[in-house]
*Asks:* 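Submitted below is the structure of interest, expressed as structure tokens.
Because the structure is predicted, anything quoted here is derived from the model rather than measured.
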Amino acid sequence: MNEHRIREIYQRSLEMNRDTFADSEYDIAYSVLLVALQCAQRLKDVEYLTEVTRLAEKESRFIDDHHPEYAYSSKAATARGSEGLFQTAARKARAIILTNKNGNARGHYA
């Protein structure tokens, strides 16, 4: 797949994330955010990775502030000894950025 097509998928994934998040479909919003993250990773685009990080953190804060009872909020996840879904996505994006900056990136990432 060419770079232009991956950038289109990235943009559409962010649009779907915003739409599904606004409709309180947080599981779907998270899933399409991961699609955007995968596109950013394939492109090795630090700006895209940073955008995904910020969006994941923003959505995590919103859920924590407005829906702490949601199964994947940070509060509920911490009670299970885990991390909230959107915080997990943000952490993964930050790790990819660090990998790129440290020159340890090889091909496609896991």
Side-chain angles (χ1 to χ4, degrees):
M1 186 177 304
N2 68 38
E3 181 177 319
H4 177 74
R5 181 74 176 119
I6 295 171
R7 289 185 188 283
E8 286 178 357
I9 294 168
Y10 173 83
Q11 292 300 329
R12 284 196 289 167
S13 297
L14 289 184
E15 289 171 19
M16 287 191 312
N17 168 269
R18 282 189 287 275
D19 292 344
T20 55
F21 195 89
D23 289 337
S24 301
E25 293 291 345
Y26 304 127
D27 294 346
I28 297 170
Y30 170 75
S31 294
V32 294
L33 186 63
L34 290 183
V35 172
L37 177 57
Q38 183 64 39
C39 291
Q41 186 176 13
R42 288 275 306 270
L43 294 166
K44 299 180 183 175
D45 189 314
V46 175
E47 287 182 28
Y48 282 7
L49 290 163
T50 301
E51 183 175 23
V52 170
T53 303
R54 281 193 303 262
L55 185 56
E57 290 171 343
K58 176 183 170 187
E59 290 175 348
S60 178
R61 282 190 305 275
F62 179 88
I63 289 170
D64 290 346
D65 291 346
H66 296 57
H67 302 287
E69 75 287 352
Y70 174 62
Y72 297 112
S73 70
S74 295
K75 180 180 178 180
T78 300
R80 293 188 310 271
S82 186
E83 183 176 43
L85 277 184
F86 290 90
Q87 282 300 316
T88 301
R91 183 175 41 79
K92 182 174 181 178
R94 286 190 300 271
I96 294 166
I97 292 169
L98 287 175
T99 300
N100 283 337
K101 286 183 179 179
N102 292 334
N104 297 328
R106 289 188 210 110
H108 302 295
Y109 316 103

*Asks:* Between L14 and E51, is the side-chain contact (heavy atoms from CB on, under 4.5 Å) condition met? List the steps.
*Replies:* CA-CA 10 Å; L14 289 184; E51 183 175 23; 3.7 Å; yes
*Asks:* Using the ring pair (Phe, Tyr, Trp, His ring centres under 6.0 Å) rule, collect all pairs that involve residues 40-65, keeping only residues at least two apart or in two chains.
*Replies:*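 The answer is Y10-Y48, F21-F62, F62-H66.
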*Asks:* Looking at every non-hydrogen atom in both residues, tell me the closest pair between A71 and A76 and how far apart they are.
*Replies:*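 Where A71 meets A76 most closely, the heavy atoms are O-CB, 3.5 Å.
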*Asks:* Is the shortest side-chain heavy-atom distance between Q38 and L34 below 4.5 Å?
*Replies:*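 SC-SC contact between Q38 and L34 ruled out.
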*Asks:* Taking only Lys NZ, Arg NE, NH1 and NH2, and the carboxylate oxygens of Asp or Glu, determine whether E57 and R94 approach each other closer than 4.0 Å.
*Replies:*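 Result for this pair is yes, salt bridge flagged.
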*Asks:* Under the 3.5 angstrom rule, does the side chain of S82 hit a backbone N or O of T78 as a donor-acceptor pair?
*Replies:*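 Such a contact is absent between S82 side chain and T78 backbone.
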*Asks:* Would you confirm whether D45, through its side chain, and E47, through its main-chain N or O, come within 3.5 Å as a donor-acceptor pair?
*Replies:*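 Between the backbone of E47 and the side chain of D45 there is a qualifying donor-acceptor contact (under 3.5 Å).
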*Asks:* With rounding to the nearest 0.5 Å, note down the distance linking CD1 in I97 to NZ in K92.
*Replies:*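 Reported to 0.5 Å precision, the distance equals 13.0 Å.
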*Asks:* Less than 4.0 Å between a side-chain N and a carboxylate O, is that true for R5 and E8?
*Replies:*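 Yes.
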*Asks:* Who are the ring-ring contact (aromatic ring centres under 6.0 Å, His included) partners of Y70, not counting sequence neighbours?
*Replies:*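 With sequence neighbours excluded, Y70 shows a ring-ring contact (aromatic ring centres under 6.0 Å, His included) to Y26, Y72, given in chain and number order.
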*Asks:* Report yes or no: does N17 contribute a side-chain atom to a donor-acceptor pair with the main-chain N or O of V32 at less than 3.5 Å?
*Replies:*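 Between the backbone of V32 and the side chain of N17 there is no qualifying donor-acceptor contact (under 3.5 Å).
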*Asks:* Provide the closest heavy-atom pair for A77 versus G84 in the form atom of the first, atom of the second, distance.
*Replies:*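 For A77 versus G84, the nearest heavy atoms are CB-N, 3.4 Å.
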*Asks:* Nearest 0.5 Å please: distance from the OG1 atom of T53 over to the NZ atom of K58.
*Replies:*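 It is 14.5 Å, given to the nearest 0.5 Å.
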*Asks:* What are the two closest non-hydrogen atoms of K75 and D64, and how far apart are they?
*Replies:*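 Closest heavy-atom pair between K75 and D64: N-OD1, 4.2 Å.
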*Asks:* If hydrophobic clusters are built by linking Ile, Leu, Val, Met, Phe, Trp and Tyr wherever their side-chain heavy atoms come under 4.5 Å apart, do L33 and L43 end up in the same one?
*Replies:*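 Result: yes, single cluster for both.
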*Asks:* Between V35 and I6, is there a shared hydrophobic cluster once you connect ILVMFWY residues whose side-chain heavy atoms come closer than 4.5 Å?
*Replies:*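 As far as the 4.5 Å side-chain criterion goes, I6 and V35 are connected within one cluster.
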*Asks:* How about M1 and I9: do any of their side-chain heavy atoms sit closer than 4.5 Å?
*Replies:*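 Yes - at least one pair of side-chain heavy atoms lies under 4.5 Å apart.
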*Asks:* Could you state the interatomic distance from CG (D23) to CD1 (I28), rounded to the nearest 0.5 Å?
*Replies:*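 The CG atom of D23 sits 9.0 Å away from the CD1 atom of I28.
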*Asks:* For the residue pair S60 and S74, what are the closest heavy atoms and their distance?
*Replies:*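 Distance-wise, the nearest heavy atoms are OG-OG, 3.6 Å.
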*Asks:* Can you tell me if R54 uses its side chain to pair, donor with acceptor, with the backbone of L49 under 3.5 Å?
*Replies:*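 No, R54 side chain to L49 backbone: no donor-acceptor pair under 3.5 Å.
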*Asks:* When rounded to the nearest 0.5 angstrom, what distance separates CD in E3 from CZ in R42?
*Replies:*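 Going from the CD atom of E3 to the CZ atom of R42 covers 11.0 Å.
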*Asks:* Once rounded to the nearest 0.5 Å, what's the spacing between atom CD of Q11 and atom CD of E15?
*Replies:*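 Reported value, rounded in 0.5 Å steps: 7.0 Å.
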*Asks:* Between S73 (side chain only) and E69 (backbone N and O only), is there a donor and an acceptor less than 3.5 Å apart?
*Replies:*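 Answer holds: no.
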